[in-house]
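Contents: one structure, followed by commentary.
Side chains included, hydrogens not; waters and symmetry mates left out as well; all remaining heavy atoms used. When a residue number appears, it is its place in the shown sequence, counting from 1.
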Amino acid sequence: HQGELQVLPWQSLSWSPAVPVTTSRGRAAGARAAYPSTWAALHRPGFRLQVAERGSGLSQLYGLPHLPPGEAWPRHEGRAMALLCQIDLATVAALGSAAPLPGRGGLLVFVATDAEGEVAIDELFNPVAVRVICLPQLAAQPTPAPSDATDWPARQPLKPVAGRAVWPQPDAALVQALGWTPAAAEAYRQHLDQQVPEEAGAGHLLLGYPGVLQNNDLELDAASEHEMPGGPTAWRLLLQLDSDDTLMWGTDSGRLYLMVHEADLAAGDFSRVVALTQGL
C-alpha cells in the first residue's frame, strides 16, 4: 500500500498458525531422538590449521619442505613445484583420531608454477597440477631448494587444532544420496543449526567437510575427473586452504579444495587427488 512495508509479529494478527509454534531447540531435540543412527555415519573428524607465530611440530604453509634423504623434489613438466602446505601428522594425531591418515610422518602438498614462479592455473582458476606426498618421516631440517626453483613465499608456521566442521551440509552429495523424506531432511537441518557454528567451515582445514562458497558440487566435479567406484559420494575433502595475503584462490576470499577418493585415502594413494577452487 503506497510503497509501505510493515513487519508485524504474528500474535498481533487476527489468525493463528495451524501448527503450534515450538522453539528450534525443541525441534532439534526431537530430531536427534528420531534419527541419531543415520546421522552418526555422517560424522567425520576435522582439524583446523591455524597460522601462528609458533606452529606445532613441522606443520607449515609455503617455505621449504622437510624431505627425508633420497626423496626427490616433485616436478611438473620439468620445473620444480612449490610447497603449498606441510602437515606434521604426529601433532594432528595427538588431538584425536585422524584416521585414515597415519599417526606419524608428514603430508605435503606441492603445486605447479609457471616461468615467473606464479601458481599455474587453468581456465577455471584451478591449479594445473598438484602433488600430494605422504611420508613416513619428516627430516629435522628443511631441504635446500633446487637450483631452478623460483622465489617462493617464506614459511608460515601452522598449529593444528581440533575442528568442528564434521557434518556435511544438507545439499552435499553424501546426504542427497540417502534419499531422505522432507521431514527427515528438515530434522537434519535443525540438527546442524544446533551442532555446527556458521564459521565452522572457514579457514584452513584437514579432513572433515569443506566450507562451500558456491554450489555444493565439489564431490561431483571430483568424480568427473576420474572413473572410480562409488560415484560422487565416495569423494571427500583431504585439505582446504583459504586465500590469504600470499596466494589468492579464485578470488581474494576464495578457497582451494583438495578432494580424494575414499579408497585411495585408505590405501595412502594420493596420485588422483583433484584440486578445485571456489570464490565469491
I want to check something: taking the side chain as every heavy atom from C-beta on, are [X] and [Y] in contact at a cut-off of under 4.5 Å?
X      : Y      : value
Leu258 : Val274 : no
Arg44  : Leu174 : yes
Arg48  : Val161 : yes
Leu205 : Leu239 : no
Arg236 : Leu265 : yes

- Item | Test item: side-chain donor near acceptor, Gln190 and Glu186, under 3.5 Å | yes
- Exercise: do Gln278 and Thr251 side chains pair donor with acceptor under 3.5 Å: no
Do any N or O atoms from the side chain of [X] and from the backbone of [Y] form a donor-acceptor pair under 3.5 angstrom?
X      : Y      : result
Ser59  : Asp88  : yes
Asp269 : Asp264 : no
Glu118 : Ala120 : no
Asp217 : Leu220 : no

- Message: So that I know where these two stand, are Tyr209 and Trp167 an aromatic pair - ring centroids less than 6.0 Å apart?
- Response: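 No.
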- For Gln137, does the CD atom sit with more than 12 other heavy atoms under 6.0 Å from it, leaving out its own atoms?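 No - once you tally the heavy atoms of other residues, nucleotides and ligands closer than 6.0 Å, there are 12 at most.
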- Approximate separation, where rounding is to 0.5 Å, of Asp122 CG and Thr277 OG1: 7.5 Å
- Message: I need the Gln141 CD to Leu58 CG distance, nearest 0.5 Å.
- Response: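 Here the rounded value is 9.0 Å.
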- Query: Who pairs with Asp148 by side-chain hydrogen bond (donor to acceptor under 3.5 Å, both in side chains), at least two apart in sequence or on another chain?
  - Reply: Arg75
Which heavy-atom pair separates [X] from [Y] by the least distance, and what is that distance?
X      : Y      : value
Pro65  : Trp73  : CD-CH2, 3.4 Å
Asp242 : Gly203 : OD2-N, 3.0 Å
Leu237 : Gly208 : CB-O, 4.0 Å
Ser253 : Leu280 : OG-CB, 3.7 Å
Thr233 : Ala173 : CG2-O, 3.5 Å

- Query: ring pair (Phe, Tyr, Trp, His ring centres under 6.0 Å): which pairs involve residues 214-261, sequence neighbours left out?
  - Reply: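 Applying ring pair (Phe, Tyr, Trp, His ring centres under 6.0 Å) to every pair that reaches into residues 214-261, excluding sequence neighbours, yields Trp235-His261.
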